[in-house]
Structure formats: structure tokens, C-alpha cells
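Presented below is the structure to which this report refers.
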Amino acid sequence: MLSEIKKKIEGLKGKPIKIWVDIGRNKNETYDGYVLDTYKNIWTFKTKTDIKSFCYSDILTNSVVISSWYMDFFSMVYWFLSPFMIKLKC
């Protein structure tokens with residue numbers, strides 16, 4: 001599971017994304033930026049002013065949620081086309 005998350009994050013490298021981070025006690029922060037680099041156990045995220053690091057299990061536990069324009073776009077296209085795909089049995 002973590003290897004799949006790592007591959008997806010590597011695919012987002014350099015692309016503009018937005019992340020939502022749960023910092024505890026019903027508090028969260030949102031950052032705009034891009035994935036700077038990936039390592040064995042962590043990945044780094046570059047904002048306008050900071051570099052943040054997260055581990056891959058943060059995504060698995062929903063402590064970090066990633067949103068990107070093209071991920072949202074393709075999920076919208078899938079949602080729109082899924083009734084047609086079912087009729088065509090794709």
C-alpha cells in the first residue's frame with residue numbers, strides 16, 4: 001500500500017497541488033505548492049515560503065490529503081463518463 005502511495009507522489013513531483021494537513025485537536029492547515037522530492041520514507045513539499053516534509057503513512061492515515069487540479073479534473077471526467085462506460089461494458 002505504501003509503495004503505491006509513493007509511486008503516486010512521485011508522479012506528482014513538480015506539479016502544482018494543494019494539501020490539507022491535520023495538525024491535531026480539530027485543527028488543520030492548507031498549503032499550495034508542489035512535491036519537491038521523494039525519499040525512502042518521506043517526501044518534501046515546497047510552498048512559497050517553506051519546505052515541509054511528510055511520511056507516506058500520513059496519507060494512508062488521512063493526516064495529509066492531496067488535491068491537484070488534474071486529479072480533480074480526471075475524477076470529474078470519470079464521474080461524467082462512467083454511465084457511458086457501463087453501457088459499453090468497458
Side-chain angles (χ1 to χ4, degrees):
M1 193 70 155
L2 289 176
S3 61
E4 294 173 16
I5 293 171
K6 185 176 180 180
K7 287 178 186 176
K8 288 183 181 185
I9 291 177
E10 286 174 350
L12 292 172
K13 203 176 203 181
K15 296 178 179 151
I17 60 173
K18 179 180 278 194
I19 61 171
W20 175 86
V21 181
D22 180 9
I23 58 173
R25 294 192 177 257
N26 296 325
K27 297 178 186 173
N28 58 56
E29 294 180 353
T30 305
Y31 301 107
D32 290 314
Y34 60 93
V35 176
L36 185 62
D37 211 347
T38 57
Y39 300 97
K40 182 179 176 183
N41 296 319
I42 65 165
W43 54 284
T44 55
F45 183 79
K46 173 81 170 133
T47 65
K48 290 183 180 180
T49 57
D50 289 336
I51 296 176
K52 308 248 181 227
S53 63
F54 304 99
C55 60
Y56 300 108
S57 61
D58 289 339
I59 295 171
L60 190 61
T61 60
N62 286 330
S63 297
V64 175
V65 178
I66 298 175
S67 175
S68 70
W69 177 85
Y70 77 90
M71 287 172 72
D72 294 338
F73 174 76
F74 284 120
S75 64
M76 181 181 66
V77 168
Y78 176 77
W79 175 82
F80 178 74
L81 293 178
S82 60
F84 300 110
M85 294 169 67
I86 292 169
K87 289 179 185 175
L88 296 173
K89 297 182 181 177
C90 294

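Since this is a predicted model, take the numbers as computed values, not measurements.
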Nearest heavy-atom pair of Asn62 and Trp20: which atoms, and what distance?
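The pair with the smallest heavy-atom distance is O-CZ3, 3.7 Å.
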How close do Lys46 and Leu36 get, heavy atom to heavy atom, and via which atoms?
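Taking Lys46 first and Leu36 second, the nearest heavy atoms are CB-CB, 4.2 Å.
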Side-chain contact, heavy-atom cut-off 4.5 Å: [X] with [Y]?
X	Y	result
Ile17	Asp32	no
Ile5	Leu60	yes
Tyr31	Val64	no
Ile51	Phe45	no

Out of curiosity, [X] [atom1] to [Y] [atom2], how far, rounded to the nearest 0.5 Å?
X	Y	atom1	atom2	value
Asp22	Lys27	CG	NZ	11.5 Å
Ser53	Asp37	OG	CG	12.0 Å
Ile59	Leu2	CD1	CG	9.5 Å
Thr44	Phe54	OG1	CZ	10.0 Å
Lys40	Lys6	NZ	NZ	8.5 Å
Ile19	Ser63	CD1	OG	11.5 Å

Check against side chain to side chain contact (heavy atoms under 4.5 Å, CB included), Val35 and Ile66:
CA-CA 10 Å; Val35 176; Ile66 298 175; 5.9 Å; no
Any donor-acceptor N/O pair, Asp58 side chain to Cys55 backbone, under 3.5 Å:
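Yes: the side chain of Asp58 pairs with the backbone of Cys55.
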Which residues pass the side-chain hydrogen bond (donor to acceptor under 3.5 Å, both in side chains) test with Ser3, sequence neighbours left out?
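Result, side-chain hydrogen bond (donor to acceptor under 3.5 Å, both in side chains) vs Ser3: none returned.
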Single-linkage hydrophobic cluster, 4.5 Å side-chain cutoff, Val21 and Leu12 together:
yes
